[in-house]
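The structure under discussion appears below in the form of structure tokens.
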Number of protein chains: 2
Amino acid sequence: MIRRPTILDVAARAGVSKSTVSLVLQGSKQVRPETRAAVEQAMAEIGYVYNRAAANLRSASVGLVGLVINDLRNPFFTEFATSLQMALAAEGYATVIANSDEDAELQAKLVGSMIEHGVSALVISPAYGGPGETFDQLARTGLPVMQVLRKMDERTDLFPFASFDYASGSTMAARHLMEQGARNIAFVGGLPGRAITRERKSGWRDTLKAEGLAEVAIHGKSSRAFGMQAAGELLSDHPEVDAAICFNDLVALGLMAGFARAGRPIGAEFRVVGFDDIEEAQQAWPPLSSVACDIAGFARDTAARLLAWMVEGQRPAPELRSPVQLVPRMSSTGIPE
Amino acid sequence: MIRRPTILDVAARAGVSKSTVSLVLQGSKQVRPETRAAVEQAMAEIGYVYNRAAANLRSASVGLVGLVINDLRNPFFTEFATSLQMALAAEGYATVIANSDEDAELQAKLVGSMIEHGVSALVISPAYGGPGETFDQLARTGLPVMQVLRKMDERTDLFPFASFDYASGSTMAARHLMEQGARNIAFVGGLPGRAITRERKSGWRDTLKAEGLAEVAIHGKSSRAFGMQAAGELLSDHPEVDAAICFNDLVALGLMAGFARAGRPIGAEFRVVGFDDIEEAQQAWPPLSSVACDIAGFARDTAARLLAWMVEGQRPAPELRSPVQLVPRMSSTGIPE
DNA sequence: CTTAGCTATTGGATCGTTCCAATTCCAGTG
DNA sequence: CACTGGAATTGGAACGATCCAATAGCTAAG
């Protein structure tokens, strides 16, 4: 295979110096329009492709942002990842998306690989567990790093954290269910002890406590399969429960599928609210009420904050909470749309 | 911010030359164990991080593979992307995942950006339309490029293509539905004219033709929303239809939701088969029959083929088809599991 | 006609690695 | 003790861009 052409080849062909070609590449307005045109034509003719590695070697910044996600298969995270990528692309930054698959070791490798590739910032929704030293090391690089949607369980204060105001969402969901007439509201899903589980439960717990109601909570993985399993558990062990707030929409959808399987309708008899308001929520039957997190907007905000940090050195506040919104649908109101 | 340490700093600290440090980095067994240890300690002490950009500048290969996906939000593609990433990670390659969001222009930009970043190979599930010259240019780079799951609509023969044997899957689905007693089988979803739509329809069409049955096809976007809409259309305009093969599981799930909304049960009265067998298919209610594509296995095969190409220069066959399998579930058999 | 003051262009040094040929080291041999 | 040969180590060139200070080209003023 032949050598890829360099700016020297372009320069020779266009009859200018390499420096001029470099200026053209950088879009400097120093160069005369005719010269620029000649250079551009030469580039097109010999099929020149920019070598970013070489450029970065000399001039620090790479215009590359790393994104490490604990579970890219979860549509909520997929949506975040793609939205962030687009927001950053609009500003001329490329994004490297990687999936740690909840594997802390893999996560450490991915982060390392990204740093080696010279990312100028990192956004991470961390996997739990694993050596916290990964993060110490990361902090020592001085790179802008934001943890989003999930706080790491060690060294939580190393990097600014941005997420949603889940606690209010939880309160809204509980109040809404009680207004609809529900009395025994269970909480389903979420691994116990995790910060995010605590947050998403807190409003529910406070509301129930204020009313002196019993608290039924079934914890587990945040998957559709678990929701289905929990449905069985609720139906057999807690027949008095007449509503559920689910850790996320996947659990809620699984729960609804479980009820459907048992021939029990969702809506007026048993009310369900989820978290995240993924696209599927409104297309399920019955449509699923959910605490909506404007994830695309959140991704844009994250991009803006990250850019402010990278470009102007403006480190964001240590903790940021974006507002959430309850979207009532048939699964909690019983009213078809 | 202070300068990142280089191998020169490491060398100074360890009391060796930069060349020795470089050898250690490359894991050469030329260096004496004691020397290696000293170098490694020095690296740890001053917090050295490898600069891949500089390394790549000198020695072509980057160990970076680009992956461009037309719709990363589709769980099928998400699964493929994450599986491919893991398969490549196991071989020491990093993967850059990008989502073109069916935007050919964005796709061109992403491909360009990846080449600039020096990927040593590219896997692409192309968006439709857009300037075919992007691909000509890509072909001219001589990089190993594989198109997967979808053929680009121009210059289809530029790069090897790997996908599933959808035509057989379609035949299996049609035969299965007829064995279950269905007579009027509709095809729902898929944009008309697209190669993949043709493939997924072909077996259905042939089977119906052989039996002299009428063909009802409703084409449209491959989304849950479209499936829901199509359900209404089927119920009002084609009451004789008693089964449907859907372009993919998302459409099928939308269709089932639409039927549920109308109070029409899925299973014995109306049978549905989807394509892709996404995780949700078995967790939906009723569980969705689907033509299963072992996407994780496919991703592994793709990784292996790509590596053979990259490392040994072994270009894969121009067209590869992985086998598919029909997974009958309640949505087509009517039998609860 | 010279020259100041621009603008447009240029050559050389530089970034942090790898590669290569050359050198040093050292134990073993005659 | 000189010499040999292999292992371990080394210095310098190279990769392809950017950056900077210097220079060439040009216009308008003196």
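Predicted model, so just to flag it, every value in this text is computed and none were measured. Per chain, numbering begins at 1; letters A, B, ... match sequence-line order.
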message: With a 3.5 Å cut-off and heavy atoms only, can you find an N or O donor on one side and an acceptor on the other between the side chain of A:Ser17 and the base of C:dG11?
response: no
task: Indicate whether OP1 or OP2 belonging to D:dA7 is found under 4.0 Å from a side-chain N or O atom of B:Gln30.
output: no
message: In this structure, how many angstroms lie between the P atom of D:dG16 and the OH atom of A:Tyr50, rounded?
response: 14 Å
- prompt: Between C:dT17, D:dT10, D:dT9, which nucleotide has the shortest distance from any of its atoms to the side chain of B:Thr35?
  reply: D:dT9
message: Any non-hydrogen side-chain atom of A:Arg4 less than 4.5 Å from a side-chain atom of A:Val49?
response: yes
message: Nearest whole Å is fine: how far is C:dT18 P from B:Asn56 CG?
response: 9 Å
query: Of the non-hydrogen atoms in B:Ala42 and B:Ala14, which two are nearest, and what is the gap between them?
result: CB-CB, 3.8 Å
message: Regarding C:dT17, can its base be found pairing with the side chain of B:Arg58 as donor and acceptor, where the two atoms are less than 3.5 Å apart?
response: no
query: Tell me: CZ of B:Arg52 to P of C:dG16, nearest whole Å?
result: 17 Å
Gap between atoms CG and P, on A:Asn51 and D:dT18 respectively (whole Å): 10 Å
query: Axis-to-axis angle across the helix from C:dC1-D:dG30 to C:dG30-D:dC1, five pairs an end, to 10 degrees?
result: 70°
field: A:Ser22 and A:Gln26, any side-chain heavy atoms less than 4.5 Å apart
entry: yes
task: Hey, can you tell me if B:Phe135 and B:Phe159 have their rings parallel, tilted or perpendicular (30° and 60° cut-offs)?
output: perpendicular
message: In whole Å, I'd like the distance from the CG atom of B:Leu23 to the P atom of C:dC19.
response: 10 Å
message: On a heavy-atom basis, which atom in A:Leu57 and which in B:Ala54 lie closest, and how many Å separate them?
response: CD1-CB, 3.4 Å
query: To the side chain of A:Arg32, which of C:dT9, C:dG16, D:dG12 is closest?
result: C:dT9
task: Please determine, for the side chain of B:Leu25, which listed nucleotide (D:dT18, D:dT9, C:dT18) has the closest atom?
output: C:dT18
Nearest to side-chain heavy atoms of B:Val31, which nucleotide of D:dG16, D:dT9, C:dG16: D:dT9
message: Which nucleotide wins on minimum distance to the side chain of A:Ser22, given the candidates D:dT18, D:dT9, D:dC19?
response: D:dT18
- prompt: Rounded to the nearest Å, what distance is computed from the CG atom of residue A:Leu57 to the P atom of nucleotide C:dT18?
  reply: 12 Å
message: Using side-chain heavy atoms (C-beta onward) and a distance below 4.5 Å, is A:Asp71 in contact with A:Phe76?
response: no
message: Below the 4.0 Å mark, does D:dT10 have OP1 or OP2 next to a side-chain nitrogen or oxygen of B:Thr20?
response: yes
task: Measure from the side chain of B:Lys18, starting at C-beta and using heavy atoms only, and say which of D:dA17, C:dG16, D:dA13 lies closest.
output: D:dA13
task: Quickly work out the B:Glu116 CD to D:dG16 P distance and round it to whole Å.
output: 15 Å
query: Where the side chain of B:Ile7 is concerned, which of C:dT10, C:dT18, D:dC19 is the nearest nucleotide?
result: C:dT18
- prompt: NA contact type, A:Val21, heavy-atom cut-off 4.0 Å: base, sugar-phosphate, or nothing?
  reply: nothing
- request: Grab the CD-C1' distance between B:Gln26 and D:dT9 for me, whole Å please.
  value: 14 Å
